[in-house]
Student: 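Mind looking over this structure? Questions follow.
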Amino acid sequence: MNIVCIGGGPAGLYFSLLMKKQDPSHQITVVERNRPYDTFGWGVVFSDQTLGNLVNADEQSARAILQSFNHWDDIDIFFKGEKVTSGGHGFCGIGRKRLLNILQQRCEELGVQLVFDNEVEDDQALARKYGADLVIASDGLNSRTRKRYAGTYQPEIEARRCRFVWLGTRKKFDAFTFAFTQTEHGWFQAHIYQYDGDTSTFIVETPEEVWRRAGLDQMTQEESIAYCERLFADQLDGHALMSNSPHLRGSAMWITFPRVVCAQWVHWNMAGSTRVPVVLMGDAAHSAHYSIGSGTKLALEDAIELARCFGTHADAAQALAAYQEVRAVEVLKLQSAARNSMEWFENVERYTAMEAPQFAYSMLTRSQRLSHENLRLRDPDYVAGFEAWIARRACEQAGLASPAGARVLPMLTPFKLRGITLKNRIVVSPMAQYSAVDGVAGDYHLVHLGARALGGAGLVFAEMTCVSADARITPSCPGMYAPAHTAAWKRIVDFVHASSDAKIALQLGHAGPKGSTRAMWDGIDQPLESGNWPLVAASSEQYLEGVSQTARAATVDDMDRIEADFVRATRAAAEAGFDWIELHCAHGYLLSSFISPLTNRRDDEFGGSLESRCRYPLRVFRAMRAAWPVDRPISVRISAHDWVDGGITPDDAVRIARLFKDAGADMIDCSSGQVSKREKPVYGRMFQTPFADRVRNEAKIPTIAVGSIFEADHANSIIAAGRADLCAVGRPHLANPAWTLTEAARIGFSAIDWPKQYRPAKLQLERNLERERQLAAAGAGMSPQQVAARLLEG
């Protein structure tokens, strides 16, 4: 092929040398706007894993790169006068200029033609000039090619909210360093790493509003640099900061990060009767925030994959389709992690109430790629020390003696709220079971909830329990509106208290417009075939258009009656002995229908602004709080995101949480969605945890995280980082009532006090886990057939 690469950055150069190495008959030209061996920027960072990919792709250039790297394992975090160090991270830094020089030299050795000092204004003219069969557009974040064919590539470009500047210093740092400094205007942070024998990159970052309040938008380049030197004098130790962009004037040196996502990476042009693909690569196709050092990594791995695809597919169209299919998934993973990291740094102030150890842990795990057990693998001493600190703080806050020498996982630390102390942070989520008869919780509920109370969780929630017969979701939902209901629940509560040290909670709710439906397995959200009852909502509403009953708008009399129903149910819950209650204001049920603008179109005092839409749910909550014992907690479940344009957003969730906090709520249970069938949620592990994080650390109220939390590693990371105070685990508890005990044992924790009836099971579980570990160790050197034989033997 005749190949032309627009842009001589890492992506274009590396792809060119790999293709030339693969087939020397390719004619490859790289066209670069800068002068020969000239480049801008300071250093770039790779992980040890990325270096391994480079060695496999081209050992000769990788060897030269490795010889030029500065390697380190530690991350140092400076915050509030303290330094926290975590090791085992395996990073390498190299000067951007040195990296490009190595790649340029390798291209020349292989016969790639490099054309410098040439600004490409027309990719089609360039393709005609060189008779190109393939055009690679690796022309950077501000790609002219991407703009020209935007209709095909469908780029989404989002300018983020922080200003940052790339600087350098002659001070050498022996760890990847993050420094945080508070000023009268707000917080600044620095990302610092050494990349050669005498130079370090020094990136200074702050939110736009802080940058403006500090007057940096009015300063000259020299004044800005002097300002940054004063901010981070403790880290610089008298060394100066340097800029390598003297051509930039005033505040132009401070830029915002553009997040780039493209739906398509390949555009086809016609050259006579021939179709010529124009392929995006590197920053032209995607960007990932510098806080996880990923831009150059993505560019090089794009090049590796595209070269591999051309080597394994004879047809260019097939090769390009395979390239985008593979790389789009990998890039999405890294962009997701990079977005988490970027948003953490954009919102540093959210976490500054934390003490230094927890702040540092939160920063280390910000991307959600680095988990608690992964940190333990990297630096077991750091994690052991942090776990001990977390355990001491939790015991102090719960008024308990600190554990002496025992290892305590973050998820197994105690938690106190009002007069209730939970033995650990794991909650069995309220999960609808559709197994009640006339609202009465029976033997099924005794076994279901009792088993999970014995299974190690600190708090077990009964499913949403309805405050009146017409408040039920289905005829098989439990209630708390008759003496028989109170007696049935008391039987279950008494069993939990007598047979376990778990606490038990009741979630009270009213189905509103989502009521009078069949059990889930008979048709979720489908109305009953007969015997339907009238529905009410904030406004007239049909949840499933053309299918559901139409709920009428609640009148003032309706609202008075429903409030009284909630109060009666609250008193009954206290009589039954529940330790905790929760008010359900989520998922499109009655009280949620008042809060969301998608479902509340009232023009009275209960509609309009967010505060007005919350007025009735808050009124119900205050009445419940007054009827509930003062020493027992009440939490509130909210939908923190409607996942629909015009609906509730995470910003709104913080405001809602503050309103309930002011009304006396003790905790916010942060769920999302199920308010509208038009929702488009973005799923993933721990996908709702960011909502709990924001509410907890902005509204300053304890939270429950819920949603795709299915490993102890997830829960430990969430609790340790201060993203939530409790973790609610649902479906895994359906599969295994002893999920908490099993997960604790799986990661090697055996100090938990198993119920005596379960101790034989504990011993068997530990034997099984040890057998798994032995097989894994033995199988490391075996063929698959040998492993299979051993498994059959055992």
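Values reported hereafter were calculated over all heavy atoms of this structure, with side chains retained and with hydrogens, waters and symmetry mates removed.
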Student: Would you find a donor on one side and an acceptor on the other, under 3.5 Å apart, between the side chain of R425 and the backbone of D725?
Tutor: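 It does hold such a pair.
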Student: Please examine the side chains of Q507 and L583, heavy atoms only from C-beta on, and report whether any two atoms are closer than 4.5 Å.
Tutor: no
Student: Under a 4.5 Å cut-off applied to non-hydrogen side-chain atoms, are W580 and R632 in contact?
Tutor: no
Student: I'd like to know if R518 and D525 make a salt bridge, using a cut-off of under 4.0 Å between side-chain N and carboxylate O.
Tutor: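 No salt bridge links R518 with D525.
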Student: I'd like to know if the side chain of S291 pairs up with that of W344 as donor and acceptor (distance under 3.5 Å, no hydrogens or angles considered).
Tutor: no
Student: Answer yes or no: is there a donor N or O on one side and an acceptor on the other, between the side chain of S287 and the main chain of V260, under 3.5 Å?
Tutor: yes
Student: Under a 3.5 Å threshold, yes or no: a donor from one side chain and an acceptor from the other, between S371 and N374?
Tutor: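 On atom types as modelled, these side chains do not qualify, holding no pair under 3.5 Å.
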Student: Quick one: sort the Y361 and F386 rings into parallel, tilted or perpendicular, breaks at 30° and 60°.
Tutor: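 If you compare the ring of Y361 with that of F386, the planes turn out parallel.
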Student: Once you measure the plane-to-plane angle for H641 and W643, does it fall in the parallel (<30°), tilted (30-60°) or perpendicular (>60°) bin?
Tutor: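 Ring orientation of H641 relative to W643: parallel.
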Student: State, with a plain yes or no, whether a side-chain heavy atom of L610 is found less than 4.5 Å away from one of D652.
Tutor: yes
Student: Give me the atom names and distance for the closest heavy-atom approach of Y481 to C466.
Tutor: CD2-O, 3.5 Å
Student: NE2/H510 to CD1/I473 distance, rounded to the nearest 0.5 angstrom?
Tutor: 11.5 Å
Student: So which heavy atom on R602 is nearest to which on M559, and how close?
Tutor: NH2-SD, 3.9 Å
Student: Honestly, is R366 close enough over F178, meaning NZ or CZ under 6.0 Å from the six-membered ring centre and within 45° of the axis?
Tutor: yes
Student: Hey, mind stepping through R161 and E343 against salt bridge (charged side-chain N to carboxylate O under 4.0 Å, His left out) and telling me if it holds?
Tutor: CA-CA 9 Å; R161 62 181 290 255; E343 290 183 348; over 6 Å; no
Student: Atom CG of residue position D631 - does it have more than 12 heavy atoms of other residues, nucleotides or ligands inside 6.0 Å?
Tutor: yes
Student: Tell me if a side-chain donor or acceptor on T183 pairs with a main-chain N or O of H185 at a distance below 3.5 Å.
Tutor: yes
Student: Is the F578 to W628 ring centre distance short of 6.0 Å?
Tutor: no
Student: Tell me, please, which residues at least two apart from D713 pass salt bridge (Lys or Arg N to Asp or Glu O under 4.0 Å).
Tutor: none
Student: Does K661 use its side chain to pair, donor to acceptor, with the backbone of K700 at less than 3.5 Å?
Tutor: yes
Student: Would you confirm whether R625, through its side chain, and P629, through its main-chain N or O, come within 3.5 Å as a donor-acceptor pair?
Tutor: yes
Student: Are the side chains of V427 and V729 in contact, using a 4.5 Å heavy-atom criterion?
Tutor: no
Student: Given 3.5 Å as the limit, does a donor-acceptor pair link the side chain of N424 with the main chain of L412, or not?
Tutor: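 Flag not set: sc N424 to bb L412 has no pair under 3.5 Å.
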Student: Inspect the contact between E679 and K677 and indicate whether a charged nitrogen and a carboxylate oxygen are less than 4.0 angstrom apart.
Tutor: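 Result for this pair is no, no salt bridge flagged.
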Student: Write down the atom of V630, the atom of R418, and the distance for their closest heavy-atom approach.
Tutor: O-NH1, 2.9 Å
Student: Does the salt bridge (charged side-chain N to carboxylate O under 4.0 Å, His left out) test come out yes or no for D662 and R658, once each step is laid out?
Tutor: CA-CA 6 Å; D662 291 343; R658 287 184 176 129; over 6 Å; no
Student: So, R163 and E205, do they make that salt bridge, N to O below 4.0 Å?
Tutor: no
Student: Please indicate whether E349 has more than 12 foreign heavy atoms, meaning atoms of other residues, nucleotides or ligands, lying under 6.0 Å from its CD.
Tutor: no
Student: Is K503 close to I420 at the side-chain level, that is, under 4.5 Å between some pair of heavy atoms?
Tutor: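 Yes. Closest side-chain heavy atoms under 4.5 Å.
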Student: Quick check: closest heavy atoms across T256 and F164, and the distance to 0.1 Å?
Tutor: C-CE2, 3.7 Å
Student: Is the terminal nitrogen or CZ of R213 (NZ for Lys, CZ for Arg) located under 6.0 angstrom from the six-membered ring centre of W211 and within 45° of that ring's axis?
Tutor: no
Student: Give a yes or no answer on whether the side chain of D693 reaches the backbone of P690 with a donor-acceptor pair at less than 3.5 Å.
Tutor: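 No.
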Student: Measure across M411 and I719 and return the closest heavy-atom pair with its distance rounded to 0.1 Å.
Tutor: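 In terms of heavy atoms, the two residues are closest at CA-CG1, 4.4 Å.
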Student: So, D470 versus S468: side-chain donor-acceptor pair below 3.5 Å or not?
Tutor: yes
Student: With a 3.5 Å cut-off and sequence neighbours excluded, list the donor-acceptor pairs that the side chains of residues 584-592 form with protein atoms.
Tutor:
| residue | atom | partner | partner atom | Å |
| --- | --- | --- | --- | --- |
| H584 | ND1 | A586 | N | 3.2 |
| H587 | NE2 | S671 | OG | 2.7 |
| S592 | OG | G588 | N | 3.0 |

Student: In terms of heavy-atom contacts, does CG of D604 have more than 12 from other residues, nucleotides or ligands at under 6.0 Å?
Tutor: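 Yes.
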Student: Closer than 3.5 angstrom, by distance alone: can the side chain of T570 be matched with the main-chain N or O of F566 as a donor-acceptor pair?
Tutor: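 Yes, because the side chain of T570 sits within donor-acceptor range (under 3.5 Å) of the backbone of F566.
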Student: Does a donor on one side chain and an acceptor on the other come within less than 3.5 Å for Q549 and S516?
Tutor: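 Yes, a side-chain donor-acceptor pair sits under 3.5 Å.
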Student: If you define the side chain from C-beta out and look only at heavy atoms, does anything of Y543 sit under 4.5 Å from E541?
Tutor: yes
Student: Side chains of S596 and D642 only: does a donor on one sit below 3.5 Å from an acceptor on the other?
Tutor: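 Yes, because at least one side-chain N or O of S596 sits under 3.5 Å from a partner of the opposite role on D642.
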Student: Taking only Lys NZ, Arg NE, NH1 and NH2, and the carboxylate oxygens of Asp or Glu, determine whether E611 and R615 approach each other closer than 4.0 Å.
Tutor: no
Student: Does any part of the side chain of T599, heavy atoms only, come nearer than 4.5 Å to the side chain of V675, both counted from C-beta?
Tutor: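 They are in contact (side-chain heavy atoms under 4.5 Å apart), so the answer is yes.
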Student: Does E208 use its side chain to pair, donor to acceptor, with the backbone of C162 at less than 3.5 Å?
Tutor: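 A pair under 3.5 Å: no.
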Student: Should F359 and F79 be marked as a ring-ring contact (aromatic ring centres under 6.0 Å, His included) after you check the CA-CA gap, both sets of side-chain angles, and the distance that decides it?
Tutor: CA-CA 8 Å; F359 178 89; F79 178 69; 3.7 Å; yes
Student: For atom CZ of R731, decide whether the heavy atoms of other residues, nucleotides or ligands shown that lie under 6.0 angstrom number more than 12.
Tutor: no
Student: Is a side-chain donor-acceptor pair under 3.5 Å present for S672 with Q688?
Tutor: yes
Student: Please tell me if the side chains of R339 and E158 come closer than 4.5 Å, counting only heavy atoms from C-beta onward.
Tutor: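 Touching, per the 4.5 Å side-chain cut-off.
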Student: Looking at R678 and D645, does any basic side-chain N land under 4.0 Å from a carboxylate oxygen?
Tutor: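 Here R678 does not pair with D645 in a salt bridge, since their nearest N and O are not under 4.0 Å apart.
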Student: If you compare all heavy atoms of I595 against all heavy atoms of I648, which two are closest, and at what distance to 0.1 Å?
Tutor: O-CD1, 3.9 Å
Student: Could you check whether any side-chain N or O of N697 sits under 3.5 Å from a backbone N or O of G722, counting only pairs where one atom can act as donor and the other as acceptor?
Tutor: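 Between the backbone of G722 and the side chain of N697 there is a qualifying donor-acceptor contact (under 3.5 Å).
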Student: Start with the C-alpha gap between R393 and E396, add the side-chain angles, then the distance that decides, and say whether salt bridge (charged side-chain N to carboxylate O under 4.0 Å, His left out) holds.
Tutor: CA-CA 5 Å; R393 298 287 291 130; E396 288 170 7; 3.1 Å; yes
Student: So, D565 and R561, do they make that salt bridge, N to O below 4.0 Å?
Tutor: yes
